[in-house]
Asks: 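The structure under discussion is supplied below as structure tokens; questions concerning it will follow.
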Amino acid sequence: DVQLQASGGGLVQTGGSLRLSCAASGLTFDDYAIGWLRQVPGKEREVVSCISRSDNTKYYADSVKGRFTISRDNAGNTVYLQMNSLKPEDTAVYYCAVVGGSDWYEQASKLAALEGNYWGQGTQVPSPA
């Protein structure tokens, strides 16, 4: 079975940092682009960042550019989201998702349409103190 295990959410002060991790199993990790998305109650899930299969293309939402960094460890089947300078508006449940496709454009488009192949369970990033 494919599993994506997200972790790393927790209490932090405004301006502080967190690192989210998403560990994958049961799939060929480097066949997929990977994204981090977030959702707050009453709003649609939105793409925060995503990274291509080969780690050479990355996307960031405007709201997190310069503050968040996505990375992946294909040998360890893990993707990370380093979140710095956290703001109250970063409060959300964060999900990781893997998405297949023939090229980066297709993968990114599918992720934006919330058509990930597999999803993690979500990890809560509460409002910074």
Asks: With rounding to the nearest 0.5 angstrom, report the CH2 to OG distance, Trp104 to Ser54.
Replies: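 With rounding to 0.5 Å, CH2 (Trp104) is 9.5 Å from OG (Ser54).
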
Asks: Using a 3.5 Å distance criterion without hydrogens, assess whether the side chain of Thr123 forms a donor-acceptor pair with backbone atoms of Gly9.
Replies: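 A pair under 3.5 Å: yes.
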
Asks: Hey, what do you get for NZ (Lys87) to OG1 (Thr14), rounding to the nearest 0.5 Å?
Replies: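 Going from NZ on Lys87 over to OG1 on Thr14, the span is 11.0 Å.
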
Asks: To the nearest 0.5 Å, what is the distance between CD (Gln124) and OH (Tyr94)?
Replies: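 So the CD of Gln124 and the OH of Tyr94 are separated by 9.5 Å.
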
Asks: Would you check if Thr69 and Tyr80 make a side-chain contact, meaning some heavy-atom pair closer than 4.5 Å?
Replies: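 A side-chain contact under 4.5 Å is absent here.
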
Asks: May I have the step-by-step check of side-chain contact (heavy atoms from CB on, under 4.5 Å) for Tyr60 and Ser49, ending in yes or no?
Replies: CA-CA 4 Å; Tyr60 296 96; Ser49 181; 3.3 Å; yes

Asks: Closest approach of Ala24 and Leu27, non-hydrogen atoms and distance?
Replies: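 Nearest heavy atoms, Ala24 then Leu27: CB-CD1, 4.2 Å.
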
Asks: Would you sort out whether Gln121 and Gln5 count as a side-chain contact (heavy atoms from CB on, under 4.5 Å), showing the intermediate values?
Replies: CA-CA 7 Å; Gln121 83 286 6; Gln5 183 68 43; 3.1 Å; yes

Asks: In Å and rounded to the nearest 0.5 Å, what is the CD1 to OH distance from Ile51 to Tyr59?
Replies: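 Reported to 0.5 Å precision, the distance equals 14.5 Å.
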
Asks: Do the numbers put Arg72 on top of the ring of Tyr32, so that NZ or CZ is under 6.0 Å from the six-membered ring centre and no more than 45° off the axis?
Replies: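 No - Arg72 does not lie over the ring of Tyr32 by the 6.0 Å and 45° rule.
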
Asks: Taking Ser63 for the side chain and Ala61 for the main chain, is one N or O donor matched with an acceptor at less than 3.5 Å?
Replies: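 Here the side-chain-to-backbone pair does not exist.
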
Asks: Hey, does the side chain of Thr91 reach the backbone of Ser127 with a donor-acceptor pair shorter than 3.5 angstrom?
Replies: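 The answer is yes, because a donor-acceptor pair under 3.5 Å joins these two groups.
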
Asks: With a 4.5 Å limit on heavy-atom distance, are the side chains of Val79 and Leu81 in contact?
Replies: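 They are not in contact (no side-chain heavy atoms under 4.5 Å apart), so the answer is no.
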
Asks: For Cys50, is there any backbone N or O sitting under 3.5 Å from a side-chain donor or acceptor partner on Lys58?
Replies: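 Looks like no, no N/O pair under 3.5 Å.
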
Asks: How many angstroms lie between atom OH of Tyr95 and atom CH2 of Trp36, to the nearest 0.5 angstrom?
Replies: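 That separation rounds to 12.0 Å.
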
Asks: Could you check whether any side-chain N or O of Glu106 sits under 3.5 Å from a backbone N or O of Gly101, counting only pairs where one atom can act as donor and the other as acceptor?
Replies: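 No, Glu106 side chain to Gly101 backbone: no donor-acceptor pair under 3.5 Å.
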
Asks: Set out, in order, the CA-CA distance, both residues' side-chain angles and the distance that settles side-chain hydrogen bond (donor to acceptor under 3.5 Å, both in side chains) for Asn84 and Ser17, then state yes or no.
Replies: CA-CA 4 Å; Asn84 298 330; Ser17 299; 2.8 Å; yes

Asks: For the side chain to side chain donor-acceptor pair (under 3.5 Å) test, which of Glu46, Arg45, Glu44 pairs with Gln39?
Replies: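 Running side chain to side chain donor-acceptor pair (under 3.5 Å) over Glu46, Arg45, Glu44 with Gln39 returns exactly one hit, Arg45.
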
Asks: Could you tell me whether Arg38 and Asp90 make a salt bridge, using a distance below 4.0 angstrom between a side-chain N and a carboxylate O?
Replies: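 Looking at Arg38 and Asp90, the cut-off is met.
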
Asks: Counting C-beta onward and ignoring hydrogens, is there a side-chain heavy-atom pair between Val99 and Ile34 closer than 4.5 Å?
Replies: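 In short, these two side chains do not touch, never coming nearer than 4.5 Å.
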
Asks: With rounding to the nearest 0.5 Å, note down the distance linking CD in Gln3 to CG in Asn77.
Replies: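 Answer for the CD-CG pair, Gln3 versus Asn77, is 12.5 Å.
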
